[in-house]
Protein chains: 2
Amino acid sequence: MSHTGYTRLMTLDREQVLRSAAALLTHKSTATMDEVAKAAGIGRATLHRHFAGRDALVKALENLGIQEFEAALDASALDEGRAEDGLRRFVAAVEPSAGLLSFLVTENQLFEGDQVNEGWSRLDARVAAFFRRGQERGEFRIDLTPAWLTEALYGLIGTGAWAVQVGRVAPKDFQYMIVELLIGGVRRSVEQ
Amino acid sequence: MSHTGYTRLMTLDREQVLRSAAALLTHKSTATMDEVAKAAGIGRATLHRHFAGRDALVKALENLGIQEFEAALDASALDEGRAEDGLRRFVAAVEPSAGLLSFLVTENQLFEGDQVNEGWSRLDARVAAFFRRGQERGEFRIDLTPAWLTEALYGLIGTGAWAVQVGRVAPKDFQYMIVELLIGGVRRSVEQ
DNA sequence: CCCGTATGAGACATCAGCGTCTCAGCACGG
DNA sequence: CCGTGCTGAGACGCTGATGTCTCATACGGG
């Protein structure tokens, strides 16, 4: 039989191709379909058999990213304990996907109004709600809007992923640098 | 005489075209040469008379961005008074160029090793030195490296410019959101 | 008034990347 | 041993963008 349903083997193939595509596009967002194929160790024709075209590939990557992002969100149990610690857990959980997320965010900025994948708005809402709860509990300051904090978190994750990639930040410091800056800021405070 | 030297009129033309190109590419980084020309109110041929090609245009924009960035750096007198206030002045000064800077940073990430414009490294060094001085004076925490703080500043400026553009942050809050987050972080501290 | 000059519009060739297709090779199962 | 089916390689046509060129025109100075 051909690849109708989602037999395990088939899914594994797709998954693997998707992973390597993510890895490549993460640090070369303009990579060619041919490059993506070669990076996955397959031919361009086969790549097209898995993904109808570049758009389909990006959309699949988008779904993968959303899925991983959501998994990180679930895994970090943002509501348990101090909001600050939830944030730490989240950044730690999202680190492996940081490059992919960064790519997708950049990619999304190009699609002006062409209605973005609804998954993003759902995730945005969850993250913004987390910040809002932190504010209501008195753990976060209230003069920075949840929407901005959400964007800033994405931005810092992307910047962090890139800084690690070009060697300006040690990989082991990724999580620490992002979370500490986001939580405490750069000012040296007495309570540290 | 033709446009040999840099007669005033000629320079003004270029400048104006460059400005409008910056404004356009800032929120549509994939804009066509034709779109750039139309946005500047000139024909594509004339655009090519000013800038040999897309690369030349981008390079000119890069120089413009570097120049504005450096001007903002000079104007904000980072060393005077508290480091924190210097940072505030700088973000205020750089706000008009934020979109352009954001575009250029993204653009630069594509040129892998093709040796980036030396202007950037000079500016990077100045900013990093500022953070280092702040640390030495005891005003900034020392567990975040100057290199990371520099990248984070760029990242937040870019994120801020984008957030304003899509309406997630009010233009008047641009400066406040960036500086406050960068300086104090999201944690609600007693001393606020 | 007339000439020089820059300009805008458009035609043209070129090129890179995409999407489709064909074909031969290879593995795998019957 | 032989079909079936998937794969990689490659050819092909198409499209969009680029860079170059020509030409008619409008503007401005002498």
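Letters A, B, ... are given to chains in the order of the sequence lines, protein chains preceding strands, and every chain is numbered from 1. Quick caveat, the model's predicted, so the values are computed rather than measured.
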Between [X] ([atom1]) and [N] ([atom2]), how many Å, whole number?
X: A/E35; N: C/dC18; atom1: CD; atom2: C1'; value: 13 Å
X: A/F51; N: C/dG19; atom1: CZ; atom2: P; value: 13 Å
X: A/R44; N: D/dG10; atom1: CZ; atom2: P; value: 12 Å
X: B/Q16; N: C/dA6; atom1: CD; atom2: P; value: 18 Å
X: A/R54; N: D/dG16; atom1: CZ; atom2: C1'; value: 15 Å
X: A/R14; N: D/dC6; atom1: CZ; atom2: P; value: 16 Å
X: A/L47; N: C/dT20; atom1: CG; atom2: C1'; value: 14 Å
X: A/H48; N: D/dG8; atom1: NE2; atom2: P; value: 14 Å

* Side-chain donor-acceptor contact under 3.5 Å, A/E62 with A/W120 ->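 Looking only at side-chain atoms, A/W120 and A/E62 do form a donor-acceptor pair, the distance falling under 3.5 Å.
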Margin query: Using a strict threshold of under 4.0 Å (side-chain N to carboxylate O), is an ion pair present between B/E139 and A/R188?
Written below: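 Looking at A/R188 and B/E139, the cut-off is not met.
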_Could you check whether A/E84 pairs with B/R187 (Lys NZ or Arg NE/NH1/NH2 to Asp/Glu carboxylate O, under 4.0 Å)?_
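Salt bridge flag = yes for B/R187 with A/E84.
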Should B/T32 be listed as having a side-chain N or O under 4.0 Å from OP1 or OP2 of D/dA17?
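It does, given that an N or O in the side chain of B/T32 lies less than 4.0 Å from OP1 or OP2 of D/dA17.
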From CG (A/L73) to CD (A/E68), nearest 0.5 Å: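 That separation rounds to 13.0 Å.
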State which of [options] makes the closest approach to the side chain of [X].
X: A/R49; options: D/dT18, C/dG19, D/dT7; answer: D/dT7
X: B/A45; options: C/dA9, C/dT7, D/dG8; answer: C/dA9
X: B/M33; options: D/dT7, D/dT18, C/dC18; answer: D/dT18

